[in-house]
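Taking it in order: structure first as structure tokens, then the write-up.
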Amino acid sequence: MSERTQVGIVGAGPAGLLLAHLLHRAGIESIVIETRTRAEVEGTIRAGVLEQGTVDMLTEAGVGERLHREAFFHRGVYLRFNGETHHIDMQELTGGKRVTVYAQHEVIKDLVKARLDAKGDVRFGVADVKLEGIDSSRPAIVFTQDGEAKRIECDFIAGCDGSHSMSRHSIPPGVLTRHDRVYPFGWFGISVEAPPSSDELIYASHDRGFALVSTRAPMLQRLYLQCDPNDKVGNWSDDRIWTELRKRLETKDGWVLEEGPIVQKIIVGMRSVVVEPMRHGRLFLAGDAAHVVPPTGAKGLNLAAADVRVLARAFDAFYRRGDEAGLEGYSATCLRRVWKGQRFSWWMTTMLHRADTDTSFDRKRQLAELDYLTTSRAAMTSLAENYVGLPFDDR
Ligand SMILES: Cc1cc2nc3c(=O)[nH]c(=O)nc-3n(C[C@H](O)[C@H](O)[C@H](O)COP(=O)(O)OP(=O)(O)OC[C@H]3O[C@@H](n4cnc5c(N)ncnc54)[C@H](O)[C@@H]3O)c2cc1C
């Protein structure tokens, strides 16, 4: 059976759901197609740090109520190296912008609820999703739902289907240029049932490698340590994890890491990817479908939100006034921000992690950079304005 909508959205991650919500507020119809179940989508623990602009966007879009009640609002972050901890007061350095810690799956729950409350059309658990006619004026999404073949004709399609993006792979060969860097390390992430060890995130650079202390909820902490990306979760007993974390996070001031039951263990590889352009015909790529960052700079979710902000405004101008300038400029507008996010994420990653090929020179250089960063107001300001989020170009 064939159906019709204005914007067909592939993927109910942060990019797809936020786009659907922004379009609804602009009076534009959409249908979201998602291969996972609602429970899977709402239960996947990923990012946790929101830029000020992302928080403002969610608030203005009417989905920030629970966020403002439950999120942790931090003035900045701590950088730890040589056993000493240095506070970067981002709120003071950026004239009031804060670091908001609110888990990605909570953002997802808020967006799913908003869509369903508004009788929005979100199809979870579909299969065999394919795109047709993205070069034509009548592109379509075809898929199977409850064993039944479906087809949705659209004016436009938004490919918000994450880093393995089927949408991106639907673009004919030779159209996209891919820029890629794979890092020789990964993150071993654990979720721990314990109170927070710190009032703000701690980024630690140690001779043994990087570690991060982060939080997701009052009794759920998220800790990471740099590992071999090809390592296996099974090689890491709880004892080995805590021993390694204690070493990498050691201080001279008696700080103690709060420990508790480990309820999740995961290894994440790290890469930087951008595909250009982010549009082909009537298909627009947004979020991880077009670009992936290593998580060190906490930019993945925020770049996804920034993309769909640009895209929603472009669709609004098109449907309201027939103005296609926003759609024409979509890729270039997003890519300016994406590349700045890539630069920042790469810089944070290479400053804080140790590669096997690093020499003593590289370590000394890293420590000099951290020393400079924590003693120069200009350097701290540069870190702060990137971390809390650069202003949107079109404000
Ligand atoms: C394990 C992990 C940890 C991370 N940690 C951090 C972090 O600490 N900080 C940070 O900033 N970023 C982090 N990120 C990155 C961040 O989570 C992403 O940048 C963000 O999720 C991007 O949102 P998105 O909507 O573009 O893509 P996604 O969140 O990936 O959503 C894409 C959706 O599309 C669906 N989908 C896929 N294929 C299809 C298809 N063919 N048809 C229909 N639906 C489809 C998927 O099921 C998914 O729900 C992490 C990512 C991963 C994988």
Side-chain angles (χ1 to χ4, degrees), residues 8-20 31-51 54 99-105 107-108 111-112 122-131 141-145 150 152 157-170 186-191 201 203 212 214-216 222-224 229 264-273 278 284-308 311 334 338 341-342 344-345 348-349 387 389:
I9 300 175
V10 186
L17 289 168
L18 182 56
L19 178 63
I31 299 176
V32 182
I33 300 300
E34 166 63 50
T35 45
R36 292 187 297 160
T37 64
R38 178 178 176 185
E40 285 170 332
V41 169
E42 291 185 342
T44 307
I45 297 187
R46 285 191 171 181
V49 176
L50 303 184
E51 293 180 355
T54 306
V99 176
T100 301
V101 182
Y102 187 63
Q104 175 167 330
H105 64 281
V107 175
I108 295 267
L111 288 168
V112 169
V122 185
R123 319 260 177 105
F124 291 103
V126 308
D128 312 318
V129 185
K130 290 194 183 56
L131 305 187
I141 307 174
V142 295
F143 56 99
T144 319
Q145 190 178 3
K150 302 263 183 180
I152 302 175
I157 295 175
C160 304
D161 47 353
S163 57
H164 300 292
S165 183
M166 172 280 305
S167 305
R168 186 179 70 236
H169 288 107
S170 309
W187 276 12
F188 194 102
I190 56 169
S191 297
L201 270 59
Y203 287 80
L212 172 64
S214 175
T215 186
R216 289 293 180 273
R222 190 82 170 152
L223 306 174
Y224 295 96
Q264 194 203 21
K265 298 179 185 178
I266 183 178
I267 292 181
V268 195
M270 292 172 85
R271 65 190 313 155
S272 303
V273 181
M278 289 170 59
F284 293 80
L285 300 177
D288 279 16
H291 41 75
V292 177
V293 284
T296 328
K299 289 283 161 258
L301 167 59
N302 293 294
L303 287 174
D307 287 351
V308 299
L311 192 52
C334 290
V338 165
Q342 290 287 357
F344 178 69
S345 303
M348 285 280 281
T349 302
Y387 195 88

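In each ligand, atom 1 is the first atom listed, and ligand 1 is the first ligand listed.
Looking only at heavy atoms of the protein, atom 31 (O) of ligand 1 is closest to G13 CA, 3.4 Å. At the top of the distance list for atom 48 (C) of ligand 1, counting protein heavy atoms only, stands E34 OE1, 3.5 Å. Nearest to atom 26 (O) of ligand 1 among the protein's heavy atoms is D288 N, 2.9 Å. The shortest contact between atom 41 (N) of ligand 1 and any protein heavy atom is with M166 CB, 3.7 Å. Here the heavy atom of the protein found nearest to atom 25 (O) of ligand 1 is A15 N, 2.9 Å. Of the protein's heavy atoms, R46 NH1, 3.1 Å lies nearest to atom 29 (O) of ligand 1. Nearest protein heavy-atom neighbour of atom 27 (O) of ligand 1: G162 CA, 3.7 Å. The protein heavy-atom contact nearest to atom 9 (N) of ligand 1 is A47 CB, 3.3 Å.
Close approach of ligand 1 to G11 (heavy-atom distance below 4.0 Å) involves ligand atoms 33 (C), 34 (O), 35 (C), 44 (N). Interface of L301 with ligand 1, defined as ligand atoms under 4.0 Å from a residue heavy atom, comprises 11 (O), 19 (O). In summary, the atoms of ligand 1 found under 4.0 Å from a heavy atom of G287, numbered by their order in the structure, are 26 (O). Ligand-side atoms of ligand 1 in range of C160: 32 (C), 33 (C), 34 (O), range being under 4.0 angstrom from any heavy atom. Numbered from 1 in the order shown, with element, the atoms of ligand 1 that lie under 4.0 Å from a heavy atom of I33 read 43 (C), 44 (N). Atoms of ligand 1 found under 4.0 Å from any heavy atom of T35 (numbered from 1 in listed order, with element): 36 (N), 39 (C), 40 (C), 42 (N), 43 (C), 44 (N), 45 (C), 47 (O).
The minimum heavy-atom distance linking S167 with G159 is given by the pair OG-CA, 3.4 Å. For the residue pair G162 and R168, the shortest heavy atom distance occurs at O-NH1, 4.3 Å. Closest heavy-atom contact between C160 and A15: CB-CB, 4.0 Å. In terms of heavy-atom proximity, A12 sits nearest to L17 at O-CD1, 3.3 Å. Closest approach of S165 and L285 over heavy atoms only: OG-CD2, 4.4 Å. The shortest non-hydrogen separation linking L201 to V101 is CD1-CG2, 3.8 Å.
Ranked by closest heavy atom to atom 24 (P) of ligand 1, the top entry among A12, P14, G16 is P14. For atom 39 (C) of ligand 1, the choice among V268, D161, L303, V293 with the nearest heavy atom turns out to be D161. Compare A298, A290, A286, S345 by their heavy atoms: the one nearest to atom 11 (O) of ligand 1 is in A298.
At least one N/O-N/O distance between Q104 and ligand 1 falls below 3.5 Å. Note: an N/O pair closer than 3.5 Å links G300 and ligand 1 by distance alone. Any N or O atom pair closer than 3.5 Å counts here, and R36 shares at least one such pair with ligand 1.
Contact annotation: the side chain of R123 approaches that of F143 to within less than 4.5 Å [non-hydrogen atoms, C-beta and beyond]. Side-chain atoms of V129 and D161, non-hydrogen and from C-beta on, never get closer than 4.5 Å to each other. V49 has its side chain within reach of Y387: a pair of non-hydrogen atoms, C-beta onward, lies under 4.5 Å apart. The closest side-chain heavy-atom distance from E51 to K299 is below 4.5 Å. Here the side chains of V122 and V112 are not in contact, with every heavy-atom distance at 4.5 Å or above.
Between the side chain of R222 and the backbone N or O of A47 there is no donor-acceptor pair closer than 3.5 Å.
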